[in-house]
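Report on the following structure.
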Amino acid sequence: MKVMKVQQMSHHVVFIMLAAAVQCQVNPEMCRYPLGMTGGQIQDEYISASSHWSESTAARFGRLDLDNGDGDGAWCPDIMSEPDGLKEYLQVDLRSLHFITLVGTQGRHADGMGNEFAQRYRIKYSRDGSNWVGWHDRKGRQVIEGNRNAYDVVLKDLEPPIIARYVRFMPVTDHSMIVCMRVELYGCQWLDGLMSYSIPEGHQMIYRGLDVYFNDSVYDGSSAERLTKGLGQLTDGTWGLDDFLHSHIYGMWPGYDYLGWNNKSLPKGYVEMIFEFDRVRNFTSMKVHCNNMFSRGVRMFRQATCYFRSGSDWESDPVTFRPEVDRISQGARFITVPLGDRTASAIKCRFHFSDVWMLLSEVAFQSGSAVYNTSLTSRKHGHPTNLLPGEDPTHKVDDSNTRILIGCLVAIIAILLAIIVIILWRQVWQKMLEKASRRLLDNELSARLAVQTRAFSSLHSSLTSDSGSTSNSTYERIFPLCSDYQEPSRLIRKLPEFAQSMEHLGPSISSRALASSGLDGAPHYAEADIISLQESADSYSIAAVNMNLFAGTDSSMREFPRHKLTFKEKLGEGQFGEVHLCEAEGMQDFLDEDLSIEGNNESPLLVAVKTLREDANKNARNDFLKEIRIMSRLRDPNIVRLLAVCVDTDPLCMITEYMENGDLNQFLCMLRLKESADEDKSRPEEKEGESMVSYSKLIGMAVQIASGMKYLSSLNFVHRDLATRNCLVGKNYTIKIADFGMSRNLYRGDYYRIQGRAVLPIRWMSWESILLGKFTMASDVWAFGVTLWEIMTLCKKQPYSQLSDEQVIENTGEFFRDQGKQVYLPKPLCCPDRVYNDLMLSCWRRNAKQRPSFQDIHTQLMESLA
Ligand code: AMP
């Protein structure tokens, strides 16, 4: 990455140096300055998008990030809102016309956690904001090959370049993965101000049996009889060779570089061109690049007559210019047509033939301060081509322009030096900061984790001897229903050696902790949610969530008429309120076609209705709405489906499919394992007693959870609370993941670092989630390992049931220190060595990157079933 950075810097420097050498001239090889996405010159308000996946992936985050260090943000469209995904775009408004020669794209890497990028994309552009043109290369290909990974910047030359104010990046996606983009445009301002030209379509020459096409193949306007309202080859910065037959050296057909007309096809004896500009300008000159290969019947024009228009009518007094006829040199050249400081917003020029053919390849205008000067250097030959007829190409030097050139050079070199100094200074400063913060973190962790060896070794021995003692929590329970959730920060603070470093986390924590504890010292779950502190920047006000909920993201989530729900029984109670079994009349109309709920032809349908308790505070309400928002996007056979909602009035309700067998924890608790796994396999299913379950059934359940998690991870969702209690069981051992109250998608800068009071399921959490507040797909994998352990032990015990909550935290410290003293959950009796060693233990690897993905887990489990 560092190498790339240096390379890119040196590219910039080279570009700037080259640009300096050729002055401020539109020349595609020089005009390659970053236009302000990276540097921030383009303000947020000028970056927009068709949609975004979440607030943290809004358009304004779509800036290419050359530093690659802290880059998390990116623009990610909400592909779900646009089923074909083809209309999604990130739009940059450059505020004025620019000549754009290069684009850069990058994915979202988020310090190695993100993996979204656009493998292919298209570009659309507009000069006026209303007429949009799809860019295509010189061979007509529209799709640009984009990124191959989430971090590298991929630069693509635009051949032909674009002249535009607005540019849209449109990822091409097959809808199978989320795409995210960060972009930059490179080029320079389009000083000509030329918005369009109108010309007769070019003709075809047959030269000694060879077809030579002189059409404008990159013209972006309309092409009926004449080409109108567009720009094309005359402004693409590519000027033709002396021998017009030789353009095929670029892989294009002979004559490609030129627009050409045959005298015989235009009886008036001239080619009329109309040039429209962005505003009224004061024109000093026009440069026209002409071919003069008279041995093949091609000559530069003999006369140019230009008319001017500022309002609606053409002025009657044209400017006429007759260049000297060059009968000696056949070299192509720029001819400067003086325009006499005429004021106009449109110019109509008639170029008169002096031979059978007239070929032009480029036209440029100089007006007011936006003067083009003499440095139009041939890209192909490297010699000056702005010669008047008869002049010696080797001696052409324009004194006044040379002075300007030198002035420009000096100024640019000075700016360049200043930029280099600033960049170097920034890098050194950043490195110092990084080092300092790393040192701080290390110190902090070491301090926090300086666990008394004696205390822990006694813990270690108590564990290894499997004393079987049960958890004796001295800490308040957060959930009315279970003790699976604890507040790690409080636990850490309880240990004397941790107390100091916890204070270091700031007064906000303790004051918040105090403030949010309820009367009975048992705070409401949502109040204690660590996310509430960090997501203030997400601007999830209740109104906003309510509004957004059904607007852009998922229009299919419909409001269900509350009166059509009939209460049957209470199914359970969760963090938000009660869950009821209800009959829903007319629910069939709300079901997606892909949803096969047994009996969905009958009316009414049994559904589970989760209701937000009436006294819920703002945070709980907000989280409830967030859970709806998240669930409404999820469509997978192993994820509980949200069917409809009642959010028009209070109490808020979400209606989900009913899972007959309740949560997996309770379900497994009531079962017993069949003695021999082998024996199970040979027995028919129906012989299993109701309270018996086979090993293969257990693995089958784990496979389903892994499959659901695989889907979630493909969307970059982190569940954060995977456990058997949060999985539901339907008919025939169908398992679906539920409870998205704690899940968040990963599009955030700092991954929910614990800054406040956290009430978390510490026995299911990875060490980095507890100590660093880092929740990632890899920490979900850790939780999956624990969930698998629960399944294999039929939920007979809580994980680490011998450990108190403090000891669980201490054990977490051992995972961090990695001195071999960490204690793993023991191998469940029915669990084969292979599943325990290769799968379960791999989920608890210290290095998050070495843990398997859900894809790997799913495959491994499937294999173990075979
Ligand atoms: P929750 O608030 O999602 O944690 O739900 C609390 C309890 O209600 C769960 O532990 C389940 O026993 C029950 N429950 C929730 N959703 C459903 C459902 N869709 N079908 C059946 N039971 C459910």
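Basis for what follows: all heavy atoms, side chains included, without hydrogens, waters or symmetry-related copies. Both counts, for ligands and for their atoms, begin at 1 and track the order of listing. Given the structure is predicted, the values throughout are model-derived calculations rather than measurements.
Residue Arg562 qualifies as enclosed at atom CZ: its count of foreign heavy atoms under 6.0 Å is above 12.
Residues forming a salt bridge (Lys or Arg N to Asp or Glu O under 4.0 Å) with Lys568 (at least two apart in sequence, or on another chain): Glu583. In terms of the ring-ring contact (aromatic ring centres under 6.0 Å, His included) criterion, residue partners of His580 (sequence neighbours excluded) are, by chain and number, Phe567.
Where the criterion is an N or O separation shorter than 3.5 Å, residue side chain and backbone included, Asp739 meets it with respect to ligand 1. Close N/O approach between Gln666 and ligand 1 is not found [any backbone or side-chain N/O within under 3.5 Å]. Of the N or O atoms in Asn726, none lie within a sub-3.5 Å distance of an N or O in ligand 1.
Near Lys610, meaning under 4.0 Å from any of its heavy atoms, are these atoms of ligand 1: 1 (P), 2 (O), 3 (O). Here is the list of ligand 1 atoms found below 4.0 Å of a heavy atom in Asp663: 10 (O), 12 (O). Interface of Thr656 with ligand 1, defined as ligand atoms under 4.0 Å from a residue heavy atom, comprises 19 (N). Interface of Glu573 with ligand 1, defined as ligand atoms under 4.0 Å from a residue heavy atom, comprises 6 (C). Annotation for ligand 1: atoms under 4.0 Å from non-hydrogen atoms of Val579 are 2 (O), 5 (O), 6 (C), 8 (O), 14 (N), 15 (C), 16 (N). Under a 4.0 Å criterion applied to the non-hydrogen atoms of Tyr658, ligand 1 contributes the atoms 20 (N), 21 (C).
Atom OH of Tyr658 and atom CG of Leu728 lie 10.5 Å apart (nearest 0.5 Å). In this structure, the separation between SG on Cys831 and CG on Leu825 is 11.5 Å, given to the nearest 0.5 Å. Taking SG of Cys646 as the reference point, atom CZ of Phe560 lies at 7.0 Å (rounded to 0.5 Å). Note that CE of Met654 is 8.5 Å distant from CG of Leu612, once rounded to the nearest 0.5 Å.
Here atom 20 (N) of ligand 1 lies nearest to Met659 when heavy atoms of Met659, Arg725, Glu627 are compared. Among Ile655, Leu728, Asp721, Leu643, the residue whose heavy atom lies closest to atom 17 (C) of ligand 1 is Leu728.
Within the cation-pi definition used here (under 6.0 Å to the ring centroid, within 45° of the axis), Arg720 qualifies as a partner of Phe775.
Checked against the 6.0 Å centroid threshold, Tyr824 and Phe815 count as a close aromatic pair.
No heavy atom of Val640 sits closer than 4.0 Å to any atom of ligand 1. Distances shorter than 4.0 angstrom occur between a heavy atom of Glu657 and an atom of ligand 1.
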